[in-house]
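For reference, the structure is listed below as structure tokens.
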2 protein chains.
Amino acid sequence: MQQRELNYLFLKRIGINTHQEPVVYMRQDCHVCRSEGFNAHSRVRVTTNKRSIIATVHQVTDGWLSHQEAGLSDAAWRLLEAEDGEVAYFSHTKAVDSMSHVRGKLYGASLTQESADEVVKDVAGGLYSDVQLAAFVTACAGSRLNQDEVAALTSAMVKVGQRIDWGTSPIMDKHCVGGLPGNRTTPIVVAIVTACGLRMPKTSSRAITSPAGTADTMETMAPVNLTLAQMKKVVEQEGGCIAWGGSVSLSPADDVLIRIERALDLDSEGQLVASVISKKVAAGSTHVLIDIPIGMTAKVRSPEYAERLASHMRYTGVKLGIQVEAMFTDGAQPVGRGIGPALEARDILAVLRNQAEAPADLRVRALTLAGRLLEIGGVASHGAGVARARETLESGAALHKFMAICEAQGGFREPALAPHCYEATADRVGVVSFVNNRFVAKLAKLAGAPSNSSAGVDFHVKLGQKVRVGEPLFSIYAEAPGELAYALDFLRDHPNEIRIEEESL
Amino acid sequence: MQQRELNYLFLKRIGINTHQEPVVYMRQDCHVCRSEGFNAHSRVRVTTNKRSIIATVHQVTDGWLSHQEAGLSDAAWRLLEAEDGEVAYFSHTKAVDSMSHVRGKLYGASLTQESADEVVKDVAGGLYSDVQLAAFVTACAGSRLNQDEVAALTSAMVKVGQRIDWGTSPIMDKHCVGGLPGNRTTPIVVAIVTACGLRMPKTSSRAITSPAGTADTMETMAPVNLTLAQMKKVVEQEGGCIAWGGSVSLSPADDVLIRIERALDLDSEGQLVASVISKKVAAGSTHVLIDIPIGMTAKVRSPEYAERLASHMRYTGVKLGIQVEAMFTDGAQPVGRGIGPALEARDILAVLRNQAEAPADLRVRALTLAGRLLEIGGVASHGAGVARARETLESGAALHKFMAICEAQGGFREPALAPHCYEATADRVGVVSFVNNRFVAKLAKLAGAPSNSSAGVDFHVKLGQKVRVGEPLFSIYAEAPGELAYALDFLRDHPNEIRIEEESL
């Protein structure tokens, strides 16, 4: 028993955010590192009375941690649900057996349903290190998964998460691949589709790297942190909801893989398809419309790639028992005016309220998507969907339904704009010839979006529009003078990201 | 200038060993993170008056670091050559352009010489994160590199490091792929080959995960930390040396990639070949003999794989202008008796001194390799090499040369065994039927090897040998009672890793 006793240390929260990777900090010369031979970068199992996780060791070479303590990063602390001074047991991790399937794929074997199941289970269980995750993502990258492998991966991803059963069919859903800035059609589409009697319980994400996710935007108008029971009640009553998906664990392996794909900037057809379809199947959707914007600065740059994605998605849908249809849209420039939760919400409400200043592009996109969903769902005949959607919007029925959904989710509130505003104006006469979307997104984030929901950037011009000297180009909204200053510093340092050119004769 | 001034913080060493990955610790709410939008896991450039590195951000969410400070991990501190309180400037890193070649390889393009050069330069420069390194390693894994891609990768690896020019030819060298425990032939081979008049300046590595590297073993008999100038002087005088390669930067990209390959447990023919051949070319060798042990528990498990490796190595050698030959040897069980620097040195000296108790297997292997090198180097005719090698060993000429090399490197010393010893004995009569090599290596490391050079495990029996009750199986040597206790705890917990079975009738 002597060795067992040696392997205990007292847990201490040390306040280091390592993103999603759980890290444990141990004295290089503590008895556990000595006896077990742990090094910096060893993967170890940490077990308390309540829970057990795998973490990466970083070794403390200084006196700020005692030999009887183990520090935990914020992620490790959260996963372990640890308490200060709690005792934990440290042991070696077994090798991750399912990595043999990743190696097999690299050496030429196919990803079978069984091997996909084992890999995805271990990924969702946190057994893969970042380096191992990168190997799996890379092994599947490009076009290396055939359609059956994609379907196997998708099915495996569904199995490791929760799956919602709405007890009825059809359940309508939509998804946009590689969201264009401001392309916030979802609340409008849900309002129209449910107003026409179809069921559309929409679970959306919060922003990860962008200035706003659909859940962030919706939250400026109504509560979105609903439990599954609350969501079901809202849907029972109103036919639809627009809630944050995070309270339900839909396709948790996907969240892990997406972080690595983003770090590698790798496009993987197979994983993109598995990501989208697994979340839809897990959410209980039966009829899904995929919006694929095509454009030089969009995620999908060519009609050929869009067609390949659409074909994979349809096939995978069939394999998993749902109907998937793709719609190709214009991805050349941002949609609407506002960038940031409240600013986008304002655009959405302007469309729903049929206001004259409502952004026409946002309105047309929402009607197109909603129209096709009405046709797929069988409440409009082929070709008559858009007219039915427009009618529903213009009659005020969509607004009425949206307000009812907001009330059911906890009450509607008017989104507020931030008090501190800076208006950038044209310094010459000409035509808007270039807008760097990444720059605009960064500006909105520096101003405080999405954590400050009323902050962001409001665009007053579109590409190709003529402007005069002194005419407003865009406004920056911030909740505090400090944040406005950050954004203005950045603006001053990057003077050429929005360009105006003299009109050619 | 306001923003520039905002991006300065004072450096602080905080004593965290993150292995090779440079990490910078910054307050989540400090002005630099706020204004630049750095998150946990952002890659940032840290620049002082002296140096500039890329590091990964971990964010401090607690009060132990001030808003004006940035903490550095040990690796970051070392790379920056930082001083406490020094000022550093923090900025965004540019995207690593050469990752586009990694993506290209994944999407079906070949690795050209130009793209290999760019990738390897950035890898050696520390621009790749661990996740990006894993993607590159995976993209090249299995048999995904053809022989021209392997040659391109090898050439790129040579270019980013130093390259030694000995000013003469031939320069003999040897290498063992996937070292068998105790297979420490190098000092014997160098002694024989140089005693016969050939040049053999051997640079060896220290242990990374094993209980001893050749440099660790040699260091128990003579100094090995030689500068390039010192090595050249020794070689000038004696025709050869056995020195630590770490003071010369040979193929630095390889060191980075090997760490990731090890974490992934990925076999990559291409990278194995590039690793071995690039180091030999950089070391200035012209004629290289590769020892490839084949066995179920060795790195190379089949003659087919061994032949493929050998073929790649020969081709790459030709492309890079050196002659490479492979020799397949038996990799079924460990070689010699001692495991640990001093214990292995004792075996080597026993062979060189022609002592009766010298391990026969180590002696035969060394003679075989040395004999072939004598033939390749042209000082023995084909088929006569081993006899010439044996003659050189038995006459005492090899011992004489070895002692001369030791003196030239700074003086010979007799390796000492550790004072604390535990002898494990057979608890039954029978035949040794199984030895878990990983277990034995772990035991030697817990006893203190390689940092305590006189510690380790001494094996008294071989597979298939008959033993009586109470007969010694192996001894554990440690420098302190505490370390012996760690090893004994581990031994007690793993009773079945060395097995004795009754003889079948």
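In what follows, chains are A, B, ... by sequence order, proteins preceding strands, each numbered from 1.
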Side chain from CB out, backbone as N, CA, C, O: work out which of these in [X] comes under 4.5 Å of a heavy atom of chain A, or both, or neither.
{"X": "Glu21(B)", "value": "side chain"}
{"X": "Asp74(B)", "value": "side chain"}
{"X": "Leu446(B)", "value": "side chain"}

Please assess Trp64(A) against Ile16(B) for the test side chain to side chain contact (heavy atoms under 4.5 Å, CB included), listing each intermediate value before the final yes or no.
CA-CA 10 Å; Trp64(A) 57 266; Ile16(B) 295 183; 3.6 Å; yes
Taking [options] one by one, which has the highest count of heavy-atom pairs under 4.5 Å against chain A?
{"options": "Ile260(B), Ile14(B), Val23(B)", "answer": "Ile14(B)"}
{"options": "Ala135(B), Gly63(B), Ala134(B)", "answer": "Ala135(B)"}
{"options": "Asn39(B), Val102(B), Leu65(B), Asp62(B)", "answer": "Asp62(B)"}

Between Leu264(B) and Val131(A), does the side chain to side chain contact (heavy atoms under 4.5 Å, CB included) criterion hold? Intermediate values first, please.
CA-CA 7 Å; Leu264(B) 292 175; Val131(A) 162; 3.5 Å; yes
Can you find a heavy atom in the side chain of Thr138(B) that is under 4.5 Å from one in the side chain of Leu106(A)?
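In contact.
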For chain B, which candidate among [options] shows the most heavy-atom pairs at distances under 4.5 Å?
{"options": "Arg13(A), Lys442(A), Arg259(A)", "value": "Lys442(A)"}
{"options": "Gln132(A), Arg144(A), Lys445(A)", "value": "Arg144(A)"}
{"options": "Gln20(A), Arg103(A), Met99(A)", "value": "Arg103(A)"}

Would you sort out whether Thr18(A) and Gln59(B) count as a side chain to side chain contact (heavy atoms under 4.5 Å, CB included), showing the intermediate values?
CA-CA 7 Å; Thr18(A) 54; Gln59(B) 287 184 319; over 6 Å; no
Using non-hydrogen atoms only, which part of Gln28(A) is less than 4.5 Å away from chain B: side chain, backbone, both, or neither?
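For Gln28(A), the contact with chain B is made by the side chain alone.
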Can you tell me which portion of Arg43(A) sits under 4.5 Å from chain B's heavy atoms? Options are side chain, backbone, both or neither.
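Contact with chain B: none, neither part.
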Between Asp130(B) and His41(A), does the side chain to side chain contact (heavy atoms under 4.5 Å, CB included) criterion hold? Intermediate values first, please.
CA-CA 12 Å; Asp130(B) 279 7; His41(A) 257 51; 3.6 Å; yes
Give the minimum heavy-atom separation between Ala40(B) and His19(A), together with the two atoms involved.
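That closest heavy-atom pairing would be CB-N, 3.5 Å.
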If you take all heavy atoms of His58(B) and Tyr25(A), which pair is closest and at what distance?
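In terms of heavy atoms, the two residues are closest at ND1-OH, 4.2 Å.
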